[in-house]
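Written below as structure tokens is the structure these notes are about.
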Protein chains: 2
Amino acid sequence: MKESIDLTSKLMAQGYRLTPQRMMVLSAIQKSDNHISAEEIYAQVVAGYPCVNISTVYRTLELLKRLDLVTETDLGGGRVRYHPADKGHHHHLVCQECGRIIDLGETVLASLGNRLHREYGFRADLKHLAIFGRCADCQG
Amino acid sequence: MKESIDLTSKLMAQGYRLTPQRMMVLSAIQKSDNHISAEEIYAQVVAGYPCVNISTVYRTLELLKRLDLVTETDLGGGRVRYHPADKGHHHHLVCQECGRIIDLGETVLASLGNRLHREYGFRADLKHLAIFGRCADCQG
DNA sequence: GTGGAGTCTGCAAGTATTCGCAGTTACGAT
DNA sequence: ATCGTAACTGCGAATACTTGCAGACTCCAC
């Protein structure tokens, strides 16, 4: 696994350690092919290492987020989900009627990002964004 | 106050009642000129009517939201704020460095909304949206 | 190998919000 | 007037997450 070497150096460079807990959180995220919630990560970690605390999972997620190893998507109503950063960015259209989630290519919001930068000098973090509304099937 | 007559009929039309609690929640939102949190609404309501419960405030907010009397903006990290619907829609650029909130005109996202509808058949609810990133002063 | 500084973790308490329940209240029908 | 149904409320518990604290571990210098 060259990922973990890469990861170790990334952590070391900033004075952090690669603990078993952190490895397991990261591997849980890598294993899941779509977005995963903190609870689900916790469940997976506990399965292989029972004495970990949920707050450690949250703290690890925050750290990985800061290091740009995972990105977080707020799907509203307190449901936050995580995704490995190296699997590409994308956005979500969340239907508030049927709960369906439509993936949106990274490029769709690029022009918005440019405009915000031009007009407001604002560097928008458009890695993962959720936009709420109603999908084609739920209108009327 | 012709608002409350309007409100009463709006509620009645769907089988709801206009209770003192609901009036106070709505008036607290109307009084505040910018966005207000649920806690702040609760504090104002309790000041004039001490035996109201915080969960009633949340339930009322949900109802008013459904009736399009207030809109809600999720400023991330569980901080949700409310705003009367009749005072116009707008969006927010939230600086994650200094916490500054820049207001964005309603029109800036109109073209995005159109595009989502054209390409995905998705009716985006772009009444209040928060976009995270870094403001001009906090870059570098 | 000893000591110290700093990181990391588990625990328990706190925050913001939601939910189920049971009692109260209002309104329409009789 | 009174009865039934449905809305509404307060309460307390649950959820999802965050935070402060104290102890444990690691790395580095000596």
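Heavy-atom basis, side chains included; hydrogens, waters and symmetry copies ignored. The structure presented is a predicted model; accordingly, all values stated were derived computationally and were not measured. So that the names make sense, note that chain A is the first sequence line, chain B the second, and so on, each numbered from 1.
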Least distance between heavy atoms, [X] atom then [Y] atom:
X: A/Thr60; Y: A/Arg22; result: CG2-CG, 3.7 Å
X: A/His35; Y: A/Glu40; result: O-OE1, 4.4 Å
X: A/Cys135; Y: A/Cys95; result: N-SG, 3.4 Å
X: B/Thr73; Y: B/Ala130; result: CG2-CB, 4.4 Å

Q: With a 4.0 Å heavy-atom cut-off, tell me which residues in residues 42-60 of chain B come close to DNA chain D, sorted by residue number.
A: B/Cys51, B/Val52, B/Asn53, B/Ser55, B/Thr56, B/Arg59
Q | Where protein sits on nucleotides 25-30 of chain D, one letter per nucleotide: B base, S sugar-phosphate only, - none, heavy atoms under 4.0 Å | A | BB----
Q) Could you give the CG-to-P distance, from A/Leu61 to D/dA16, as a whole number of Å? A) 15 Å
Q. B/Arg22 CZ to D/dG10 P: how many Å, rounded?
A. 11 Å
Q. How far does CD1 of B/Ile41 sit from CD1 of B/Ile29, to the nearest 0.5 angstrom?
A.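 It comes to 4.0 Å.
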Q | Nearest-nucleotide pick for A/Gln21, side chain only, options being C/dC8, D/dA16, C/dG10 | A |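 For the A/Gln21 side chain, the nearest candidate turns out to be C/dG10.
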Counting only pairs under 3.5 Å, give me each side-chain donor-acceptor contact of residues 45-55 of chain A, with atom names and distances, residues two or more places apart or in other chains.
{"unit_1": "A/Asn53", "atom_1": "OD1", "unit_2": "A/Ser55", "atom_2": "N", "d": "2.9"}
{"unit_1": "A/Asn53", "atom_1": "OD1", "unit_2": "A/Ser55", "atom_2": "OG", "d": "2.8"}
{"unit_1": "A/Ser55", "atom_1": "OG", "unit_2": "A/Arg59", "atom_2": "NH2", "d": "3.4"}

Q: Kindly say if A/Thr19 contacts the phosphate of C/dT9, meaning a side-chain N or O under 4.0 Å from OP1 or OP2.
A: yes
